[in-house]
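Take a look at the structure below.
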Amino acid sequence: MAAAGTKKWWKNAIVYQIYPRSFCDSNGDGIGDIPGIISKLHYLKELGVDAIWLSPVYQSPGYDNGYDISDYKGINPEYGTMEDMEKLISKAKRLGIKIIMDLVINHTSDEHEWFKKALAGDEKYRNYYYFREGNGRSYPNNWGSFFGGRAWSKTEKGDYYLHLFSKKQPDLNWQNPDVFDEITDIMRFWLDKGVAGFRCDVINIIYKQSLENGKKRLALTGREHYLNTEGCHELLKRFNEEVWSKYKTFIVGETVFVTPDDAKLLSDENRKELDAVFFFEHMDVDNYGIKWFKKGFNPSKLIKVLDKWQNALEVPANYLENHDQIRSVNHFGNVGKYWEKSAKLLCGLNLSLRGVPFIYEGEEIGMTNGDFKGLKELKDVESYNINQSLRKMLLVHSIRRKLILQTTRDNARTPVQWDASDNAGFTTGTPWLKINANKSFINVETELRDDNSILNFYKNMIEFRKNSEALQDGNYRRVASPSDVFIFTRESTHERLYIYCNLSSFNKAVEFYGDNIIFSNYEEAERENFFLKPYEFRIVVANI
């Protein structure tokens with residue numbers, strides 16, 4: 001066990017998320033695996049990555065692609081062995097790359113031994129979960145599930161168990177001290193193997209303050225009884241005091257429905273809970289409060305939200321896409337005429353903001369949403385559940401299809417496009433999920449050879465950030481700008497940078513500050529002196 005240190009290594013880290021199933025397949029079974037990840041470590045090192053956030057590789061029946069864990073101390077055979085995992089940790093360490101594991105502790109799989117014993121009537125393990133009798137013909141309460149439908153399912157014995165997600169993911173009872181002991185033992189198990197921390201899945205909903213009926217809502221009725229509860233704060237403090245503080249960890253929490261005030265409490269350094277949090281408000285600027293119901297994207301709303309969170313948190317966890325969100329170039333950019341320019345703009349934006357930047361696999365080459373033709377091509381359990389909910393709302397198939405195909409999580413889960421071959425260099429077998437046709441020009445091999453590619457823009461931007469005092473540790477301040485244009489400064493003692501981001505497909509007249517353009521996604525001959533071109537990104541240095 002390593003003693004805790006005072007230097008927080010993660011504050012200047014570049015973190016790269018790997019969704020193992022879709023990253024690289026080493027054995028031809030069509031599913032990405034740990035040896036495949038090992039084979040690409042040098043690629044990640046050359047990209048400039050300091051840490052990998054590894055989505056779940058634990059033993060799992062795979063109903064929710066690993067977020068339904070049946071053994072926290074085992075490795076899913078689809079991904080490899082424990083020896084493979086130890087090799088990954090060791091080889092990554094030798095390259096200066098740390099491993100951050102996904103920690104899913106709101107729920108387990110219904111195939112976990114604890115739940116199996118609970119169903120068999122073992123009182124000890126029944127208390128690991130929430131089992132309740134129904135009220136006559138009704139459910140124990142009126143709570144709704146994140147995946148649509150009710151948050152309760154009936155057992156063969158006639159009682160019900162709580163699951164805020166799929167019925168295959170029963171919620172753990174964190175009021176039971178045995179659950180705390182079990183999970184902290186699991187944390188130590190992995191930390192002792194050399195992982196550098198955890199990304200904690202939906203961590204701010206794990207503690208249910210009560211099981212009373214909730215205020216009726218269109219979605220997620222009951223959330224006031226489990227969202228950001230005081231019991232959750234106390235659990236996080238105990239995790240920190242008893243486990244995390246004993247190691248040099250980085251703990252980032254996925255926190256749903258958080259306000260800036262909520263996030264401050266969860267990540268305040270003095271409170272000793274989480275190091276940083278993922279917030280979602282910027283992901284929702286183009287929907288009506290529920291991601292499946294989209295409206296037109298307004299860049300000015302995104303700018304306003306990002307500015308709010310930059311000012312709210314000491315160390316924001318910045319991201320523009322992940323395994324649960326659609327591809328950022330589809331979300332905030334332009335996949336047509338300005339695909340390359342907008343992908344580079346989003347790279348520059350993410351890597352210029354104050355905080356810890358997270359890059360999702362394939363984002364660095366400008367990967368786009370999946371080109372799915374119908375719902376039958378999808379694998380995502382959430383999409384299937386939402387289809388059922390929309391059907392109950394009497395929406396016809398054509399509307400359901402449109403809503404789901406533009407929002408499904410599978411959009412970001414198509415295999416990484418390593419080259420232009422039939423299976424994009426991802427596998428020699430049949431890929432588990434359809435590969436995009438644009439692999440012919442959006443792929444690592446092609447972009448490595450092109451000095452002006454999105455991939456090389458990422459490499460250069462990462463290197464620039466690592467050598468910039470202002471981007472590493474400088475203050476942030478927004479500068480007045482026209483609509484759809486984000487201008488801000490990053491300033492340290494010896495360096496002041498002006499960051500320009502035109503998030504539209506139109507020329508935008510702006511007032512330029514500073515002296516030298518030192519970074520841009522347009523060539524010098526293409527740039528103008530009085531306006532930003534569509535999706536133009538610039539960094540201008542000013543003399544201090």
Side-chain angles (χ1 to χ4, degrees), residues 16-49 52 54-55 57 62 65 76-80 84 88 91 95 321-323 326-330 333 335-336 339-340 342-344 347 359-374 376-380 405 408-459:
Y16 185 97
Q17 183 193 355
I18 288 179
Y19 193 70
R21 196 172 190 84
S22 298
F23 189 66
C24 181
D25 171 26
S26 70
N27 61 7
D29 65 356
I31 297 170
D33 49 40
I34 296 170
I37 297 170
I38 294 171
S39 74
K40 300 298 184 181
L41 285 176
H42 282 284
Y43 164 78
L44 296 177
K45 178 65 176 177
E46 290 170 7
L47 180 61
V49 169
I52 292 168
L54 188 64
S55 286
V57 292
N65 286 355
N76 187 337
E78 289 183 328
Y79 296 148
D84 292 328
L88 171 62
K91 289 196 172 185
L95 290 172
E321 64 182 71
N322 62 32
H323 67 291
I326 64 174
R327 289 290 183 177
S328 56
V329 71
N330 291 83
V335 293
W339 160 72
E340 181 183 338
S342 63
K344 289 178 178 178
C347 162
I359 300 166
Y360 178 65
E361 63 179 36
E363 185 176 2
E364 77 276 16
I365 59 171
M367 280 185 64
T368 62
N369 280 352
D371 47 13
F372 304 110
K373 299 299 186 288
K376 290 182 179 179
E377 292 182 330
L378 302 180
K379 306 291 186 181
D380 178 27
L405 289 185
T408 178
R409 298 186 300 179
D410 280 346
N411 278 315
R413 298 177 180 185
T414 59
V416 172
Q417 295 160 200
W418 295 102
D419 61 37
S421 63
D422 287 347
N423 289 329
F426 165 71
T427 182
T428 58
T430 302
W432 76 278
L433 188 63
K434 182 180 178 181
I435 292 175
N436 287 353
N438 60 24
K439 67 183 185 301
S440 60
F441 64 94
I442 303 179
N443 66 74
V444 171
E445 184 178 72
T446 297
E447 295 193 29
L448 280 173
R449 293 196 301 262
D450 178 2
D451 290 342
N452 294 316
S453 69
I454 296 167
L455 176 56
N456 280 310
F457 190 88
Y458 264 88
K459 285 186 175 184

Does CG in D450 sit with more than 12 non-hydrogen atoms of other residues, nucleotides or ligands closer than 6.0 Å? yes
Do you know the tightest heavy-atom contact between Q417 and N436? OE1-CB, 3.2 Å
What's the spacing between I365 CD1 and N438 CG if we round to 0.5 Å? 8.5 Å
The reported gap from OG in S440 to CG in D422 (rounded to nearest 0.5 angstrom) is 11.5 Å
Heavy atoms of E321 and R327 approach each other most closely as OE2-NH1, 2.5 Å
Please report the closest heavy-atom contact between I435 and P415, naming both atoms and the distance. CG1-CG, 3.7 Å
When you measure from the side chain of T408 to the backbone of N411, do you find a donor-acceptor pair of N or O atoms at a distance under 3.5 Å? no
Should L433 and F372 count as side-chain neighbours, where that means a heavy-atom distance under 4.5 Å? yes
With salt bridge (charged side-chain N to carboxylate O under 4.0 Å, His left out) as the test, would you mind laying out the steps for E340 and K344 before giving the verdict? CA-CA 6 Å; E340 181 183 338; K344 289 178 178 178; 2.8 Å; yes
Looking only at heavy atoms, which two atoms of V57 and P20 are closest? And how far apart? CG1-CG, 3.6 Å
Could you tell me whether a side-chain N or O of E363 sits under 3.5 Å from a main-chain N or O of I359, the two making a donor and an acceptor? no
Verify side chain to side chain contact (heavy atoms under 4.5 Å, CB included) between W339 and I442, making sure each step is shown before the conclusion. CA-CA 11 Å; W339 160 72; I442 303 179; 3.4 Å; yes
Using modelled atom types and a 3.5 Å cut-off, is there a donor and acceptor pairing between side-chain atoms of N443 and backbone atoms of T446? yes
From the list T427, N27, D84, N76, side chain to side chain contact (heavy atoms under 4.5 Å, CB included) partner of D33 resolves to N27
Donor-acceptor pairs are to be reported for all side-chain atoms of residues 37-49 against protein atoms at under 3.5 Å, with residues two or more places apart or in another chain.
{"residue": "S39", "atom": "OG", "partner": "G36", "partner atom": "O", "Å": "2.6"}
{"residue": "Y43", "atom": "OH", "partner": "E364", "partner atom": "OE2", "Å": "2.6"}
{"residue": "K45", "atom": "NZ", "partner": "L95", "partner atom": "O", "Å": "2.8"}

What pair of heavy atoms forms the shortest contact from I454 to A343, and how long is it? CD1-CB, 3.5 Å
Determine, stepwise, if the pair K459 / L448 fulfils side chain to side chain contact (heavy atoms under 4.5 Å, CB included). CA-CA 10 Å; K459 285 186 175 184; L448 280 173; 3.5 Å; yes
Check whether any side-chain heavy atom of N330 sits under 4.5 Å from a side-chain heavy atom of T368, and report yes or no. yes
Among D410, T414, D371, L378, the one residue meeting side chain to side chain contact (heavy atoms under 4.5 Å, CB included) with K434: D371
Sidechain-backbone polar pair: N423 side chain, G429 backbone, donor-acceptor under 3.5 Å: yes
State, with a plain yes or no, whether a side-chain heavy atom of M367 is found less than 4.5 Å away from one of Y360. no
Is there a side-chain contact between H323 and R413, using heavy atoms and a 4.5 Å cut-off? yes
What's the verdict on side chain to side chain contact (heavy atoms under 4.5 Å, CB included) for N65 and D380, showing C-alpha distance, side-chain angles and the deciding distance? CA-CA 8 Å; N65 286 355; D380 178 27; over 6 Å; no
Checking N456 side chain against E447 main chain: does a donor-acceptor pair fall under 3.5 Å? yes
Go through the steps for S22 and E361 under the test side chain to side chain donor-acceptor pair (under 3.5 Å), then give the verdict. CA-CA 9 Å; S22 298; E361 63 179 36; 4.7 Å; no
Taking all non-hydrogen atoms of both residues into account, name the closest pair between G425 and W418 and its distance. O-CD1, 3.8 Å
As a quick check of understanding, evaluate side chain to side chain contact (heavy atoms under 4.5 Å, CB included) for Y79 and I31, giving each step before the final call. CA-CA 8 Å; Y79 296 148; I31 297 170; 3.9 Å; yes
How long is the span from the OH atom in Y458 to the SG atom in C347, to the nearest 0.5 Å? 4.5 Å
Is the distance between the ring centroids of F426 and W432 under 6.0 Å? no
